[in-house]
Amino acid sequence: MTTAIRVMVVDDHPMWREGVSRDLSAAGYDVVATSGEGRQAVRIAAAARPDVVILDLQLPDVSGVEVIHGLQTEVPGVRVLMLSASGEQQDVLDAMKAGATGYLLKSAAQAEFLDAVSRTAAGDTVFTPGLAGLVLGEFRRLATAPPAGPDDAAPKLTERETEVLRLVAKGLSYRQIAERLVLSHRTVQNHVQNTLGKLQLHNRVELTRYALENGLD
Amino acid sequence: MLPVRNSGLEAPLWRAIAVYRIAALAYASGLVIANAGDYARPVWAWPVLAAMAAWTVLTTYGYADPNRRRLPLLVADQLVTMAALTSSLFVVGENELAAGTPTLTVAWHVSPVLCWAVGGGRRAGITAALAMGAVDLIVRAHWDQAAWTGTVLMLLAAIAVGYLVRIAEVAQERLERAIELEAATRERERLARDIHDSVLQVLALVKRRGAGLDGEAGELARLAGEQEAALRTLVAGRQQPVIAGDDLDFMAMLSPYASPEVTVSGPADPVLLPAHAARELLAAVTAALDNVARHCDPGTKVYLFVEDEPGEVVVTVRDDGCGIAPDRLAQAEAQGRLGVAQSIRGRLTDLGGRVRIVSEPGEGTEVEMTLPRTPIS
């Protein structure tokens with residue numbers, strides 16, 4: 001038997017935290033830690049070394065983006081599944097760009113939630129139709145926004161990637177998309193993952209440029 | 001009765017008129033002293049001057065009180081000033097006036113005209129200026145350019161001041177509206193935080209824990225889920241349509257439609273459309289939603305997807321319901337029975353856009369509405 005996947009739950013609501021932990025334990029996950037605050041979560045994660053962090057986007061102390069950066073520094077390779085009780089558009093997008101690997105609304109059904117956790121643990125990205133719309137919008141914005149620097153190249157989606165994301169945004173499942181475009185389920189998954197990868201890479205380049213321009217001269 | 005006017009500029013304007021009246025009184029006094037030798041009855045100049053000074057003091061205090069800036073004081077001001085002006089006939093003498101000696105009031109008689117303009121707006125100011133101008137012309141009794149110029153200047157001043165007051169009122173109104181909006185937004189954000197921290201989480205939890213249960217518990221969970229979604233849209237959904245010039249944020253207009261059955265997706269930034277186009281497009285989307293509600297099973301999921309391209313805005317309404325066979329769709333359309341599709345098509349055609357409806361039995365229906373952006377001219 002393989003060792004259970006180590007999961008950490010970060011949410012400022014104790015009832016929610018307990019409920020989710022119970023569900024995860026029942027589904028065979030090893031809940032190694034829980035936390036109600038962002039800074040504390042980063043400290044605990046360094047010791048608990050989770051594989052997957054279930055992270056509430058709105059924490060009382062620090063922003064989701066800061067928690068994600070902290071987690072990545074302390075636990076390289078950690079996967080973050082974000083949950084939010086509300087579709088805070090810009091916050092969701094920022095957290096995804098910062099390195100979260102999946103996003104789900106808190107109102108998602110229990111089965112949907114557990115499926116998302118297992119996919120996150122397997123290294124897949126978890127997209128909602130809403131997130132696909134946000135990512136498409138962000139690529140569109142980057143393409144039309146004036147470049148930030150002389151060597152700044154806005155990331156671009158291939159035609160296929162755009163096609164896949166549009167179908168995700170219209171609520172089609174990966175299986176339906178694969179059928180419609182005559183692709184394998186895996187290929188659809190890869191296309192979605194690539195779009196997020198491009199956005200996160202661009203974000204890291206931007207952050208480095210910002211640091212060079214504002215901090216190191 | 002004069003409308004009660006109120007703007008931040010009101011009080012300074014009344015003070016400015018008081019200062020003008022005092023300055024005009026000082027100038028008139030100077031000219032009376034210089035010209036008294038030429039007057040027909042110089043002795044009477046001093047009581048008139050004293051009365052003018054008293055009236056100046058009285059009105060300065062009177063107009064300083066917002067409750068007294070009413071019709072009685074304005075009428076009294078106009079009449080007293082006219083009387084002072086008319087007394088020039090007796091004191092200065094008709095011949096001297098005709099020869100060009102200034103009236104006793106010189107420029108002091110403009111003050112009530114300005115008061116009318118501030119208190120009653122442009123029209124009241126013009127009326128007061130014409131009345132005062134007529135008296136001035138009759139008193140001076142010579143019809144040269146200088147006499148006319150005085151009256152015309154008074155008229156122009158009344159128009160300018162009346163206009164200024166109106167602008168100040170509009171500015172004040174806008175400022176008040178902006179402050180109200182800001183307060184409302186802040187309050188809304190505070191509520192959203194509180195509700196997010198408590199009610200939303202509990203409702204979501206109830207929905208989750210009870211989702212697998214049968215009977216009443218399952219029903220309660222479903223209700224909790226519905227309320228959670230409704231409340232989420234209410235507090236954390238996008239704010240009221242952002243008004244940027246005459247444009248509306250289409251995403252903000254769509255957000256109230258989000259529910260457990262309806263997913264809204266699109267860019268994080270506002271999707272701005274001219275107000276008319278945005279409302280028509282929203283009506284088309286609503287028609288598509290109604291169509292789903294009418295023809296598909298309850299619980300059918302609907303996805304609203306907005307794309308903001310540089311040249312056009314594309315809105316897709318897709319449902320995962322039963323779908324329509326393509327030949328049936330064409331048939332119904334040919335027979336003019338497809339009321340909803342026609343209402344959607346009609347609206348989009350009026351806006352210069354187009355509609356594409358794709359449907360397969362068992363595959364749901366997809367209505368894609370494309371609205372070209374009119375070039376910025």
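Below, read A as the first sequence line, B as the second, and so on, with proteins coming before strands; counting in each chain starts at 1. In this text, all values refer to a predicted model and were calculated from it rather than measured experimentally.
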Q: Scan T316(B), D320(B), V317(B) and name whichever one has a side chain to side chain contact (heavy atoms under 4.5 Å, CB included) with K170(A).
A: T316(B)
Q. Is chain A contacted by the side chain of E226(B), its backbone, both, or neither, given a heavy-atom distance below 4.5 Å?
A. neither
Under 4.5 Å from any heavy atom of chain B - which part of [X]:
X       : answer
Q110(A) : both
R166(A) : both
A108(A) : backbone
V20(A)  : both

(Q) Out of G171(A), G137(A), A132(A), return the one with the most heavy atom pairs under 4.5 angstrom to chain B. (A) G171(A)
Q) Is there side-chain contact between D308(B) and R141(A), with heavy atoms separated by less than 4.5 Å? A)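 A side-chain contact is absent here, since even the closest heavy-atom pair is not under 4.5 Å.
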Q: Would you check if R318(B) and L172(A) make a side-chain contact, meaning some heavy-atom pair closer than 4.5 Å?
A: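 A side-chain contact exists here, since the closest heavy-atom pair is under 4.5 Å.
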Q: Kindly determine whether K106(A) and L205(B) satisfy side-chain contact (heavy atoms from CB on, under 4.5 Å), including the steps that lead there.
A: CA-CA 9 Å; K106(A) 272 196 169 174; L205(B) 193 68; over 6 Å; no
For [X] against [Y], the heavy-atom pair lying closest together:
X       : Y       : answer
T144(A) : P310(B) : CG2-CG, 4.2 Å
L93(A)  : A268(B) : CD2-CB, 4.2 Å
T263(B) : G130(A) : CG2-N, 4.4 Å
A169(A) : S265(B) : O-OG, 3.4 Å

Q | Greater than 12 external heavy atoms within 6.0 Å of E216(B)'s CD | A | no
Q) Rounded to the nearest 0.5 Å, how far does CG of L167(A) lie from OH of Y303(B)? A)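 That separation rounds to 12.5 Å.
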Q: Could you tell me whether R180(A) and E366(B) make a salt bridge, using a distance below 4.0 angstrom between a side-chain N and a carboxylate O?
A: yes
